Amino acid sequence: MSITTTVTTSDGQSNPLRAGLQSHRIADPCTIVLFGATGDLTKRMLMPALYSLRLQDLLPSDFAIVGYSRSPWSDDQFREAMKEGIAQFAQLGHPQGPVWDDFARRLSYVSGDFDDVECYRQLQHHLETDLTEFNTHGNALYYLATPPVVFGEIVRHLDLAKLGPKDTRGWCRLVIEKPFGTDLTSARALQREIEKVFPEKQIYRIDHYLGKEPVQDLMALRFSNVIFEPLWNYRYIKSVQITAAETVGVEQRGGYYERAGALRDMLQNHVINLMTLVAMEPPVSSDADALRDEKFKVLRAVRPIPSDRLDHHAVRGQYARGEIAGAAVAAYREEPDVDVESSTETYAALKLIVDNWRWGGQVPFYLRSGKRLKRKNSEIAIAFRSVPHRLFGELGDQFETNSLVVKIQPEEGISLSFNAKYPGQAMHIRSVSMDFAYGQGFGVKIAPAYERLLADAMRDDATLFTRWDAVEAAWEVVMPVLERWQSERPADFPNYAAGSQGPPAADALLAADGDSWRQL
Ligand code: BG6
């Protein structure tokens with residue numbers, strides 16, 4: 001059951017762009033079970049997002065949250081830790097007063113191993129208590145925020161304990177964090193295990209990039225305007241660059257990252273997902289599967305990376321010591337839990353070609369992601385072709401091609417650059433830009449991605465979650481690269497300084513096409 005609310009706050013009345021906005025965004029009553037409740041993700045992202053949803057009245061009126069983890073905490077310790085997490089990471093001030101008190105009494109905790117049947121009985125007991133005490137209707141949202149190695153185990157035990165979809169009285173959904181498998185084979189094995197218990201419609205594979213507001217707006221930009229779509233093909237677009245650059249290193253996640261690397265950690269999921277949104281055909285409707293059908297079709301059309309030209313399509317890098325914002329930082333191999341001779345890549349770039357009617361195999365999609373780069377910047381940049389015939393411009397004029405940049409973070413907006421005449425007697429041409437910034441444009445604060453995605457999972461909207469066919473197809477795209485990188489030790493690691501633009505080989509990848517990366 002959903003409730004309709006009208007967004008007309010006192011602040012909203014002064015903003016004509018918000019007038020008359022309707023929202024049907026409240027979900028059914030439910031218990032949210034957070035596996036991995038003592039971990040970083042719960043503290044930094046999930047609990048702050050849930051509390052913020054509560055403050056905005058976007059949680060169902062009858063809800064409860066159960067944390068499940070190995071640490072031997074009591075309910076009160078769990079509440080206290082979550083309160084600290086919210087205070088530290090939610091930017092909502094210190095949680096207090098009646099709203100926090102009500103939120104806190106709905107939190108409880110199960111301490112146990114993920115393969116301990118007895119602990120799942122305790123979980124069952126919590127779910128039953130929530131049903132009577134908080135009227136959760138027996139609905140359960142299981143969120144796997146654990147290391148991926150235990151995903152299968154948790155699902156199997158939910159089934160054994162009769163907490164899965166075929167046994168519960170309400171609805172029952174599974175939200176899974178990435179990475180979904182560590183390669184194609186393990187992803188398929190995990191899928192086989194999960195689908196024994198949860199039908200695909202009840203599986204929500206989360207990719208937090210899809211919850212970022214500018215990423216969603218990419219769809220609005222393409223399909224709510226008439227001016228871009230006619231140009232959105234190989235005839236007018238020369239290349240697409242998708243960047244997810246970070247300044248942070250691996251921080252305390254060396255253990256995980258050593259086995260992952262940039263290709264698995266960022267490219268196979270976040271960056272490839274962005275690419276599918278840029279490249280896909282217009283979906284027949286806005287429903288979840290219509291959109292996901294189109295994303296899948298893009299991946300099917302990606303030309304397999306040829307093994308004899310793999311170096312022309314893929315570049316890897318690892319950061320050496322360097323400087324970020326004036327401060328000296330360590331090399332990857334000096335980070336905690338990292339092998340001193342590690343071959344794990346902290347930077348990956350791919351050039352992909354899409355063989356279909358729209359892209360005609362003629363538009364390179366350059367994807368890159370790396371840690372310890374010069375600047376934090378995630379963006380999608382569409383570079384258009386040159387005009388067919390140059391009429392204007394004086395000696396010395398730069399005559400740049402048009403570009404459309406969707407800025408994902410830290411800036412959030414859209415920038416369109418085009419050529420204009422410089423004022424004066426001569427016909428000088430200069431590149432100028434039209435910029436739209438979300439915060440200023442709509443006068444609202446952008447919600448963190450996890451808020452949107454958690455609320456969507458609760459209200460059974462899978463549009464922004466990745467369907468199995470796309471996960472499998474994305475693994476198929478990267479497998480040739482992964483296999484080569486695993487079998488051949490990199491001779492030149494570390495090959496880029498922390499704080500730089502990335503490895504020189506990545507520049508060469510584009511230079512071979514007469515192109516260059518946008519500067520970070
Ligand atoms: C996560 C990766 O999925 O995304 C991290 O595991 C990475 O390594 C993070 O730092 C980046 O997310 P964001 O939202 O900060 O760009």
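Remember, it's 1-based here, ligands and their atoms both numbered in the order they're listed. Being a predicted model, the structure only gives us computed values, none of them experimental.
- Proximity of a side-chain donor or acceptor of H313 to a complementary backbone N or O of I305 within less than 3.5 Å is not detected.
- Close contacts between ligand 1 and K371 involve ligand atoms 5 (C), 7 (C), 8 (O), 10 (O) [criterion: under 4.0 Å to a heavy atom].
- Summary of contacts: the protein heavy atom closest to atom 12 (O) of ligand 1 is H208 NE2, 3.1 Å.
- Heavy atoms of K376 found under 4.0 angstrom from ligand 1 belong exclusively to the side chain.
- Polar contact check, Q409 against ligand 1: a nitrogen or oxygen pair lies under 3.5 Å apart.
- With D217 contributing its side chain and A220 its backbone, the two residues share no donor-acceptor pair below 3.5 Å.
- For atom 9 (C) of ligand 1, the nearest non-hydrogen atom of the protein is E246 OE2, 4.0 Å.
- In summary, the atoms of ligand 1 found under 4.0 Å from a heavy atom of D265, numbered by their order in the structure, are 2 (C), 5 (C), 6 (O), 8 (O).
- For ligand 1, the atoms closer than 4.0 angstrom to any heavy atom of K178 are 1 (C), 2 (C), 3 (O), 6 (O).
- Relative ring orientation between Y319 and Y496 is described as perpendicular, the plane-to-plane angle rising above 60° on a 0-90° scale split at 30° and 60°.
- Of all the atoms in ligand 1, the ones that sit under 4.0 Å from a non-hydrogen atom of H270 are 1 (C), 3 (O), 4 (O).
- Nearest protein neighbour of atom 5 (C) of ligand 1, counting heavy atoms only, is R253 NH1, 3.3 Å.
- In terms of polar-atom proximity, Y209 is counted as a contact of ligand 1, with an N or O under 3.5 Å from an N or O of the ligand.
- Both the sub-6.0 Å distance and the 45° axial angle are satisfied by R205 relative to the ring of F180.
- Both the sub-6.0 Å distance and the 45° axial angle are satisfied by K212 relative to the ring of Y209.
- Open room surrounds CD on Q252; 12 or fewer heavy atoms of other groups in view lie less than 6.0 Å from it.
- S487 and E483 are not linked by any side-chain donor-acceptor pair at a separation below 3.5 angstrom, with hydrogens and angles left out of the test.
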